[in-house]
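In what follows, every chain begins at residue 1, and chains take the letters A, B, ... in the order their sequences are listed.
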Amino acid sequence: MDDYKFLFKVVLVGNAGVGKTCLVRRFTQGLFPPGQGATIGVDFMIKTVEVGNEKVKLQIWDTAGQERFRSITQSYYRSAHALILVYDISSQPTFDCLPDWLREIEEYASNKVLRILVGNKIDREDREIPADVGEEFAERHNMYYLETSAKESDNVEKLFMQIAEDLMKQARTRDLPRYDSNNQTLDGKTSTISDSSCCSRLQ
Amino acid sequence: MDYEFPKEFDLIVVGTGVVESILSAAASRVGKRVLQIDENDYYGGQWASFSLESIIKSKHHKKDYGGNESETNLLRFGNDLVSLKNIAHKFHMTSNNTLEEETDKIENEEQPKENKWTEENLLKLSRKFNIDLYPKLQYARGDFVELLISSNIARYCEYRSVSRILIWFNNRLESLPCSRSDVFANTKVSVVEKRMLMKLLTSLNDKEKHVQNYENKTFKEFLTDKKLTPNLIHYVLYGISSSSDDTSCEDGIEKARRFLNSLGRFGNTPFLFSLYGSGEIPQAFCRLSAVFGGTFALGQQIQGFSISDDKFKSVTLQSQTVEAEKLVLNIENLPARFIKSDKLEYISRCILITDRSVLDSEKEHLSLIFYPPTDGKSFTTVIEMGFLTGTCPNNLYLVHLIAKQNTSPQEDFQHVIDKLFASHVEETSQEKPSILWSYYFSMPETNDIILSDDLPNNIFVCPGPEIDLDYDTSVDKAKLLFEKMYPDLEFLPRAPDPEEIIIGDDNEEEESTDINEEDHDKVINVEQEDKENVISAEQEDKVNVISAEQEDKVDQQ
């Protein structure tokens, strides 16, 4: 059976070029696209993982390039369950921008959102931010911390699995609504706000 | 930030309001290279939503217009004709000592107790407010909702249906009977009236038949001729068709039909509202534009643009000049020399924060209230939002008032405010909500603004919000402009769902195609689950309404 118990929205933010899209593609498709520009037409990627014996679906949203000029839409943050803030360990400016990102997150994201700080590109030889500096920053701001390499596939799986597990725990304790495939009687041809199975009868 | 823009685009869009954002999305969607910029550091322009603090601070108009055109040969964006006017805000709580003493104690609590609201308390909750400059609803079966669905943009927003519609009648607020079940549940309407009303509501669908003989008459005359009782005329004229005494028969019927057609799709009323405020709507289109390659930059210093040989050529930003084939800009950004109209109509706006609903009840979180015209005052639309709309904190209400401007926003709404609200905290009565904060302004009606003939034909101008409750006029405008810009291209075809997109190596492709169809279903399910809280709770109710109405239609035939 290809159903799942939970669906979580995970969003990535951080400066342009820190490897957000690479992390997503490494995790969802096992690919590392070198020199890859923005991907046209892709809104979010989906991957179903297993935690315990339960299937969990992660809907992972990328910024669509709007971070470049600080123009991420507020709705991007709305209803996110987890938020991954990424910087590049070989680029001081991407680390220096973290407080700006936190301000934006605090403004628009739910205060219950699970927040993870990720230092990406640990395959690089020219590290500028020592791991303990990143860790200390994360601790100070009440975030999880992880260093990854999308290129070498280091810790990428671990990052998303950790998120899935934590969100599962949260969901259980908070009793979030569970997905029940038997309830779906609606025609899926339209979209979110439509339940056309009863509307179409009217036409 | 030190990124540079590419030197050339197909289209530059200046402004991030609804109409220009729809155009941006539509152009990106068909593969045009789009740059969309805004001088504001927020999305939406006159369509934006603000936190309490930011709406108070915001000036809502541009600092500097024109001036040094000759020096640089650049035309400056913007004019002083169409900015918001008469802005006035005020906190209505009197600061008294007991309240101040109390502040320390309540610091750790989520909400202060009743009547303990202070300016500080409200400002502390500033971010929980999403205050629309111009709140908009959406007809459940209107052009706009159809566009959201057909283009797959609906996934960027969440929606709530308007939970009830009230109408001011006989000096009190009453529920507007709009569906058959409402009509029958209504105790104010006699049995004979019920039958009359149902007959009218079902027969309005045949518009052609009605309009004959009423070409130059008003909707009110039409209803009177139908021998409806004054009660019913009130409900139909001011409620269902939200018309005035002078609305033409044709318009009145058209409006009533739109209302009736949208019943029964979501919830008990014909209207939807975007969760977290109307400011989400332009952003949804911007997101789509970005997903399809559009470049976005807010908070840009724009020096101006250049025209040569009667054609728009380029936009000059702080340190860079960017060329494009076409320019789309909102009316706020148009230089005054291209605006022909010298006198504008205005919409009076008032926004209130109150401490309770105008008509308390357990589950009402989004009320639409029609206040019919009286004594020379315009028809006033009131929208009251509770915290489940995502626009204000728990235990508070955000109230929007909208009317065609007669004199000034204060004068235009005084009679409504006197009736619905207690004016000061001290004189709190048991029934009426107290006003904690008020914000008044005039918004220009720019939809019918006349542009000068020498506007280059590769510049396209988008209006701001118009007085209609919904977005359908804006969608029409955007479609019209798009057709002029790209006559042979499709307007916002459906965007693929994530699982339908095949990315990566060729050997990946096979697998992806296989699971494609199956996965497609899943996406939809996923989305539906997301919406579960918002919509499905209401479904049961709705089905009843629909079948009841269908029966009736059949009866009529």
Checklist entry - Once you round to the nearest 0.5 Å, how far does CG of B:Leu275 lie from OG of A:Ser75? => result 11.5 Å
Checklist entry - Are side-chain heavy atoms of A:Asp43 and B:Arg155 found at a separation under 4.5 Å? => result yes
Next on the checklist: Can you confirm whether A:Tyr144 is buried at OH, in the sense that more than 12 heavy atoms of other residues, nucleotides or ligands lie under 6.0 Å from that atom?
Outcome noted: no
Item to check | Donor-acceptor contact present, side-chain A:Ser71 to main-chain B:Leu298, <3.5 Å | outcome: yes
Item to check | From B:Asp497 atom CG to A:Phe44 atom CZ, the distance as rounded to the nearest 0.5 Å | outcome: 7.0 Å
Next on the checklist: If I measure from the heavy atoms of chain B, does A:Tyr76 come under 4.5 Å with its side chain, its backbone, both, or neither?
Outcome noted: side chain
Item to check | Atom pair CG/CZ of B:Asp41 and A:Phe69 - distance to nearest 0.5 Å | outcome: 15.5 Å
Item to check | B:Tyr43 versus chain A, the contacting section by heavy-atom distance below 4.5 Å | outcome: side chain
Item to check | Within 6.0 Å of CG in A:Asn142, more than 12 heavy atoms from elsewhere | outcome: no
Checklist entry - Does the ring of B:Tyr276 carry A:Arg78 above it, NZ/CZ under 6.0 angstrom from centre and within 45° of its axis? => result yes
Item to check | Under 4.5 Å from any heavy atom of chain A - which part of B:Thr295 | outcome: side chain
Item to check | Enclosure of A:Lys151 NZ (heavy-atom neighbours >12, cutoff 6.0 Å) | outcome: no
Checklist entry - Is A:Glu106 salt-bridged to B:Arg127, going by a charged N under 4.0 Å from an acidic O? => result no
Next on the checklist: Report which part of B:Arg287 has an atom under 4.5 Å of a heavy atom belonging to chain A: side chain, backbone, both, or neither.
Outcome noted: both
Item to check | Contact check, side chains of A:Gln66 and B:Cys286, non-hydrogen atoms, under 4.5 Å | outcome: yes
